[in-house]
Amino acid sequence: MTFYARMCSNFTLVQWAELLLRLVVAAVCGWLVGVERSRRFKDAGVRTHCMVACSAALLMIVSKYGFADLEVAEGVFFAGVRGADSSRIASQIVTGVGFLGAGVIYRDRKFTTRGLTTAAGIWAVCGIGMAIGSGLYVIGVFATAFIICLQYLTHRFNIGADRYSDAGLEVTFSRDGDADEALYRKLEEWGAIVTDTQIDKQQDGSMKYRLGLKLKNEIKGDLLNEFVGKHEEIISIKMTKVSQD
C-alpha cells in the first residue's frame with residue numbers, strides 16, 4: 001500500500017477538512033496580529049503575519065503526519081505515527097523564522113534600535129501557527145487574543161522609558177546669538193531630553209542644528225511658533241516625530 005493510500009484509508013473526509021481548517025484558523029490569527037502592526041505602518045504587516053502563521057501550521061502538520069511511513073506501528077490511530085519524530089521539523093521552525101525577525105530589526109541614524117516588537121510578533125505568530133497546526137486550537141486562539149491585547153495595552157499605558165517617544169528637531173539660525181541657548185532651555189522646560197546634537201554651518205553662513213529628542217509630552221506647533229516669534233534669528237524650525245515600535 002502506498003503512503004497516500006494509507007493516509008486515505010486512515011483519514012476520513014471530516015478529518016481531512018479539519019487539517020485544512022487548521023491552516024485557515026492559523027492564517028486568520030496571523031491576520032489579526034498583523035492588523036495591529038499595519039495600523040502602525042510597520043513593514044511586516046497583515047500579509048507577512050498571515051504567511052508566517054499559515055506556513056508554521058502547514059509545517060507543523062507535515063511534522064506530525066508527514067513521516068508516518070518511516071516505520072509501521074500497530075495499535076495507533078495512524079499507522080507509523082508512533083515512529084515519527086514530531087519535533088523534527090517543529091524544532092527548526094522556531095530557528096528558521098529568525099531570519100524574518102532579523103529583517104525587520106534595524107538601527108537608525110541616532111543608533112536607536114527599531115523593529116524589536118515587530119520581530120517578536122513574527123516569532124509569536126509562528127508559535128500560534130504551530131499550536132493550531134498541531135490541533136491546539138484553544139491555545140492558539142487564546143494566544144492570539146492575548147498578544148493583541150498586550151500590543152494595544154502596552155502602547156496605551158506606557159511604563160518607564162516607554163513613556164518617551166523619539167523625535168527630531170531641525171532649526172536653522174541666521175547668525176550666532178543666544179537663540180540656541182534659549183532653545184535648549186525651552187526644550188528642558190517642555191520636558192524634552194536632548195539625546196543627539198549635530199551642528200552644520202551652511203554656505204550662506206547660517207547654522208543648522210539637528211537635535212534628537214525624547215519627548216514625554218507632544219510639543220504643539222503653536223509652542224514652536226511662539227518661540228520662533230520671539231527670536232528673529234531663527235530662519236526655520238521643523239519637528240519630526242518617530243512613532244513607537
Side-chain angles (χ1 to χ4, degrees), residues 33-49 99-123 148-245:
V33 176
V35 166
E36 190 277 335
R37 292 286 84 192
S38 64
R39 290 169 67 93
R40 298 184 180 277
F41 302 99
K42 302 302 178 181
D43 292 333
V46 174
R47 286 177 293 181
T48 301
H49 286 78
F99 81 95
L100 287 175
V104 299
I105 299 175
Y106 66 96
R107 293 177 69 86
D108 59 19
R109 290 180 295 178
K110 298 180 179 63
F111 300 102
T112 302
T113 303
R114 301 288 179 190
L116 288 173
T117 303
T118 303
I122 292 176
W123 194 53
I148 293 175
C149 289
L150 282 179
Q151 292 278 34
Y152 279 106
L153 288 176
T154 53
H155 279 94
R156 185 176 181 83
F157 304 101
N158 295 317
I159 301 174
D162 290 340
R163 293 179 297 175
Y164 292 85
S165 59
D166 294 317
L169 184 65
E170 290 188 4
V171 186
T172 303
F173 299 95
S174 61
R175 62 181 185 275
D176 293 335
D178 60 351
D180 55 343
E181 296 181 1
L183 175 62
Y184 283 107
R185 290 195 298 269
K186 184 59 69 174
L187 288 174
E188 184 178 357
E189 179 182 329
W190 290 335
I193 301 175
V194 179
T195 58
D196 182 63
T197 303
Q198 181 179 345
I199 303 175
D200 297 323
K201 186 173 183 179
Q202 308 299 305
Q203 293 181 352
D204 58 359
S206 61
M207 305 293 292
K208 176 173 285 189
Y209 282 58
R210 294 185 176 90
L211 307 178
L213 304 176
K214 289 284 188 181
L215 301 180
K216 189 173 183 179
N217 300 307
E218 182 180 359
I219 299 177
K220 303 294 184 180
D222 54 349
L223 295 177
L224 294 175
N225 292 332
E226 181 182 354
F227 176 78
V228 173
K230 295 180 180 179
H231 300 277
E232 297 180 355
E233 60 268 40
I234 297 180
I235 299 176
S236 65
I237 187 168
K238 177 183 177 182
M239 172 168 285
T240 56
K241 186 176 180 181
V242 181
S243 62
Q244 292 180 319
D245 188 39

Notebook entry, point to check: CD1 of I234 to CZ of F227: how many Å apart, nearest 0.5 Å?
Noted result: 4.5 Å
Next item on the list: First locate atom NE2 of H231, then atom CD of E226, and finally report the distance between them rounded to the nearest 0.5 Å.
Entry: 10.0 Å
Check: Quick one: are H49 and I122 in side-chain contact, heavy atoms under 4.5 Å?
Finding: yes
Note to self: Strictly distance-based, threshold 3.5 Å: is any side-chain N or O of S174 a donor or acceptor partner for the main-chain N or O of S206?
What the structure shows: no
Check: Any donor and acceptor pair, going by atom type alone, linking the side chain of T195 with main-chain N or O of G212 inside 3.5 Å?
Finding: yes
Notebook entry, point to check: Does any non-hydrogen side-chain atom of V171 lie less than 4.5 Å from one of L211?
Noted result: no
Notebook entry, point to check: In Å and rounded to the nearest 0.5 Å, what is the NZ to CG distance from K220 to N225?
Noted result: 13.5 Å
Item checked: Non-hydrogen side-chain atoms of D200 and R210 separated by less than 4.5 Å -> yes
Check: Would you say the side chain of V194 lies within less than 4.5 Å of the side chain of Y184, judging by non-hydrogen atoms?
Finding: yes
Notebook entry, point to check: Looking at side-chain heavy atoms only, is the closest gap between L169 and K238 below 4.5 Å?
Noted result: no
Notebook entry, point to check: Checking side-chain contact (heavy atoms from CB on, under 4.5 Å) against W190, which of L215, L213, L224 comes through?
Noted result: L224
Note to self: The criterion is side-chain contact (heavy atoms from CB on, under 4.5 Å); which residues satisfy it with E188, sequence neighbours excluded?
What the structure shows: none
Check: When rounded to the nearest 0.5 angstrom, what is the spacing between NZ in K208 and CZ in F173?
Finding: 12.0 Å
Margin query: Can you tell whether the side chains of E189 and R185 come within less than 4.0 Å, N to carboxylate O?
Written below: no
